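So you know, we letter chains A, B, ... as the sequences are listed, proteins then strands, and number each from 1. These numbers were taken from a predicted model, which means no experiment stands behind them.
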2 protein chains.
Amino acid sequence: MKMKKATQILNELGFRKTEIRIKVLEYIQKIGKAVSQPELEKKFNTLADRVTLYRILAAFEEKGLIHKIMDVHGVARYAMCNEKHCTEHEHHDEHVHFNCTECGDVVCLDSIKVPDIKLPKSFSLSRLNLNIEGTCDNCQK
Amino acid sequence: MKMKKATQILNELGFRKTEIRIKVLEYIQKIGKAVSQPELEKKFNTLADRVTLYRILAAFEEKGLIHKIMDVHGVARYAMCNEKHCTEHEHHDEHVHFNCTECGDVVCLDSIKVPDIKLPKSFSLSRLNLNIEGTCDNCQK
DNA sequence: AATAAAAAGCAACATTGTTGCAATTTAATA
DNA sequence: TATTAAATTGCAACAATGTTGCTTTTTATT
Ligand SMILES: [Mn+2]
Ligand SMILES: [Mn+2]
Ligand SMILES: [Zn+2]
Ligand SMILES: [Zn+2]
């Protein structure tokens with residue numbers, strides 16, 4: 001999985017290349033997990049205000065660059081989108097989100113498709129999030 | 001679906017039959033939706049303190065009477081458990097939770113089983129919550 | 001260098017949720 | 001019925017996450 005350079009992505013999406021935006025994007029790209037604002041705040045507290053981080057995440061999400069997941073604790077987390085699937089106007093991140101009860105990590109299990117769910121005809125589906133709790137590979141003893 | 005009387009349930013679980021506990025339980029039984037503390041607070045603000053409601057919900061959940069769902073907004077909601085499935089020591093509420101984007105209601109689609117998800121062997125699963133967003137039967141135009 | 005737009009900072013606030021402790025109420029017992 | 005222990009509640013204080021309005025700073029363009 002080749003990563004496009006963060007600065008190039010920011011360019012393409014019409015964002016300005018500020019230090020914090022570059023760092024946040026590179027971090028989310030490399031970490032390979034779904035990160036929360038509080039986590040970013042710990043990492044980058046000298047570089048940016050809390051609110052700035054919230055706004056960066058919101059801006060990235062709006063462009064289809066990252067997607068937002070509510071984790072099992074009700075905290076918003078964000079992870080890279082698959083650029084084949086997501087655009088400014090529509091997200092398609094219908095994969096499993098695994099929440100490890102040991103280390104607290106949340107990861108996208110992109111390879112695990114969520115099976116089609118048949119709803120009663122009177123219901124219509126627009127989005128879906130499958131959170132699974134358990135022990136991740138790192139924490140398996 | 002016959003409902004056991006609230007007072008009887010409280011008795012059986014070793015709870016005291018206070019007015020607010022009876023009312024809260026009856027409400028959750030009848031409403032047929034997953035309710036949040038803020039909702040209960042609006043309903044019962046003259047009858048009980050905010051904290052009391054949080055504690056009632058936590059107590060009921062611990063006994064396997066109701067189950068806790070994090071909704072798509074990250075707010076905790078609670079709905080009756082199926083007494084065949086849940087006990088003090090173990091919850092089994094692996095059904096779909098439908099979040100209506102129109103009316104905000106969250107309902108348990110108990111009849112819709114969540115298909116088995118095959119995780120990589122290095123992961124172990126302990127719990128699971130499938131939140132679906134869309135338009136519910138009432139809000140369908 | 002001047003400019004407009006974007007981004008960031010800061011303060012204030014909202015909402016949801018938790019904890020400690022004192023006061024009250026329930027239910028069991030004498 | 002009076003006593004009592006335990007359960008329940010109320011209140012105050014706090015924590016965490018998230019939002020909004022407004023000003024200042026920075027970026028990229030002209
Ligand atoms: Mn994901
Ligand atoms: Mn449910
Ligand atoms: Zn783990
Ligand atoms: Zn609805």
Exercise for review: Using a heavy-atom cut-off of under 4.0 Å over every strand shown, decide if A/Leu53 touches base, sugar-phosphate, or nothing.
Suggested key: nothing

**Study point:** Minimum heavy-atom distance between A/Gly104 and A/Arg77, given as atom pair plus value
**Key:** O-NH2, 3.8 Å

Review point. How about A/Glu62: does its CD atom have over 12 heavy atoms from other parts shown lying under 6.0 Å from it?
Key: no

Check your understanding: Does C/dA7 have OP1 or OP2 sitting under 4.0 Å from an N or O in the side chain of A/Thr52?
Key -> no

Point to revise | Under-4.0 Å salt bridge between B/Glu19 and B/Lys23 | key: yes

Check your understanding: Within the structure shown, what part of the strands sits under 4.0 Å from B/Leu57 by heavy-atom distance: base, sugar-phosphate, or nothing?
Key -> nothing

Check your understanding: Which atom pair, heavy atoms only, marks the closest approach of B/Met70 to A/Gly74?
Key -> CE-CA, 3.5 Å

Point to revise | B/His73 NE2 - D/dT19 P separation (whole Å) | key: 12 Å

**Study point:** Validation row: B/Lys17, B/Asn11 side chains within 4.5 angstrom (heavy atoms)
**Key:** yes

Check your understanding: Does a salt bridge link B/Lys4 with B/Glu12, judged by any charged N lying under 4.0 Å from a carboxylate O?
Key -> yes

Practice item. Give the ring-plane orientation class for A/His95 versus A/His67, where under 30° counts as parallel, over 60° as perpendicular and anything between as tilted. Key: perpendicular

Point to revise | Separation of D/dA16 P from A/Glu39 CD (nearest whole Å) | key: 15 Å

Review point. Between B/Asp49 (CG) and C/dT25 (P), how many Å, whole number?
Key: 15 Å

Exercise for review: Assess the pair A/Tyr78 and A/Phe60: is the distance between their ring centroids shorter than 6.0 Å?
Suggested key: no

Review point. Got a sec: does the NZ of A/Lys113 have more than 12 other heavy atoms crowding it under 6.0 Å?
Key: yes

Practice item. Can you tell me the distance, in whole Å, between the CG atom of A/Asn45 and the C1' atom of D/dT17? Key: 17 Å

Would you tabulate the pairs of protein nitrogen or oxygen atoms and nucleotide nitrogen or oxygen atoms of nucleotides 28-30 of chain D closer than 3.5 angstrom?
from   : atom 1 : to      : atom 2 : distance (Å)
D/dA28 : OP1    : A/Lys17 : N      : 3.3

Check your understanding: Rounded to the nearest Å, what distance is computed from the CD1 atom of residue B/Ile56 to the C1' atom of nucleotide C/dT25?
Key -> 14 Å

Review point. Which parts of nucleotides 16-23 of chain C does protein reach within less than 4.0 Å, heavy atoms only, written one letter per nucleotide 5' to 3' as B for base, S for sugar-phosphate only and - for none?
Key: BBBBB---

Check your understanding: Between atom CD1 in A/Ile22 and atom P in C/dA8, what is the gap in whole Å?
Key -> 10 Å

Practice item. Specify the separation, in whole Å, of atom CD of B/Glu41 and atom C1' of D/dT9. Key: 15 Å

Review point. Tell me: CZ of B/Phe44 to P of D/dT8, nearest whole Å?
Key: 18 Å

